[in-house]
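Side-chain atoms are counted along with the backbone in the values below, which use heavy atoms only and exclude waters and symmetry mates. All values reported here derive from a predicted model rather than from experimental measurement. Naming convention: chains lettered A, B, ... in sequence-line order (proteins, then strands); numbering from 1 in each chain.
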Amino acid sequence: MKFLPVDEQLQVIRRGATEIISEDELADRLNRSRKSGRPLKIKLGCDPTRPDLHLGHSVILRKLRQFQDLGHQAILIIGDFTARIGDPSGQNKTRPPLSAKEIEDNAKTYLDQAGKVLDREKLEIVYNSDWLAEMKFDDVIRLSSRLTVARMIERDDFSRRFERNEPISLHEFLYPLAQGQDSVHLESDVELGGTDQKFNLLVGRQLQQQDGQSPQVCLMTPLLVGTDGEKKMSKSYDNYIGINEDPNNMYGKVLRITDHQIYPWFELLTDLDSDQLKEMKAKVKADPRNTKHELARTITAIYHGDEAAEKARQHFEQTVIRKEVPDDAMELSYEAGTTHRLLDIIAEAGLTSSNGETKRLMKQGGVSLDENKVTDKGYEITFEAGQKLHLKVGKRKFAVLKAE
RNA sequence: GGGGGGAUACCAAAGUGGCCAACUGGGGCAGACUGUAAAUCUGUUGGCGUAAGCCUUCGUAGGUUCGAAUCCUACUCCCCCCA
């Protein structure tokens, strides 16, 4: 394996990274790896508790991919054992432990989705139950003696919970130790994580050092701000864009972000090089509208391909800008001469979750037939042969009613 | 082991016998507006029903009462203080 010159590698690695502890050590390792021809071991742990990946997760996965492309060995740890604890980082609640079956299913889903970002062929996948489950109580005691309570509770997620009288279970203290033990076991050279992982990553460093290994380099990426423009992207805030999301939704959701997010998203979610990024920065200012569309298209194309991205753009223009019924709207057929209540048609098509909701929408002007709002709850349609009606329910649900 | 506090809809949080399907805020949804699915303003936010009305919901199970989220009993879970 031939490696790029160290400074070129560093340039790629640095992109979008918040902090590297430390860069000198990293350069040093890259140098040695280049000389010996041995790739670095890059560790990323994943938590198989919530299997649906979103663009927020993709930031760190993309970073791992970059290391792969530079010729290094990416190791993805499925935290099947640590998932039984639940990472307390940034949490204000104890997480409920999962069953073995749930973890297994989640891990599979996770890999399917992560495979869209990573090079699966070159990826090493390990399960941390392989070594953590083997540890004796004795080993656990020795491990937990390495960190003091004071150090633990100075973390703000713990101290905050402590101050607010929220419960902290004792086993949560073991999480960073377990994660650190992973690094010791794998003898990792670099560990990746979000900025919220700093404490955990540093524990890995400390444990390696105490075990006579050279401590891993810690690389942190920023937490991606979600579609609400405020909080980090997360499923529980419902401000996320899933990796598996269909192209139309993906495109539309990207377009929803605030203007000042456009640039960071380019930086963290796309492959533009530093020159292109610089150009983008200027573009965002000059023409936010089109630049945002470009962002939406780029991101959608990464996960669904160019063609789907282009279709998504058209879909958006059609439905949101021109407020027309999209070409791919569901079609419902009715026998000519029959009469149906619109309420029932909507219910049968599953466009709303209850008749109450449909009535509410009607009252608010959210239901229309061929561009005409229907506000009468008892509205009935008698179909004539060959008739075609465009039904719109809410902002994004469409159907074409046909009479045969 | 002892003492105290708590559990309300998606989340937070009022309500302490009828006016409670339950104040308010956040979130969601819709309308107007917009380059936008952003921001803003307005409305709306358990189910069935054209409607009158009915049904389900305030930790769980019983009870008191014409009537309970509200009172009583038991249970489950959580938090704090002292040890």
Look at the side chain of Lys377(A) against the base of U50(B) and say whether a donor-acceptor pair falls under 3.5 Å; ignore hydrogens and angles.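 Answer no: no donor N or O sits under 3.5 Å from an acceptor.
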Less than 3.5 Å between a donor and an acceptor, one on the side chain of Lys363(A) and one on the base of G31(B), is that the case here?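 No such pair is found, so the answer is no.
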Can you find a side chain N or O atom of [X] that sits less than 4.0 Å from OP1 or OP2 on [N]?
X         : N      : answer
Lys373(A) : A32(B) : yes
Lys395(A) : G31(B) : yes
Asn355(A) : G47(B) : no
Arg396(A) : A37(B) : no

Under 6.0 Å between ring centres, would you say that holds for Tyr334(A) and His340(A)?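 Yes, they do, as the ring centres are separated by less than 6.0 Å.
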Any strand: nucleotide that pairs with U24(B) via Watson-Crick or wobble, under 3.5 Å: A12(B)
Scanning all shown strands, the Watson-Crick or wobble mate of U56(B) with both distances under 3.5 Å is none
Rounded distance in Å between the P positions of C29(B) and C79(B): 34 Å
Have a look at Tyr251(A) and tell me which of Arg297(A), His315(A), Arg313(A), His293(A) forms a side-chain hydrogen bond (donor to acceptor under 3.5 Å, both in side chains) with it. His293(A)
On RNA chain B, check which nucleotide each of Asn249(A) and Arg341(A) is closest to and give me the residue with the more 5' one.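 Residue closer to the 5' terminus by nearest nucleotide: Asn249(A).
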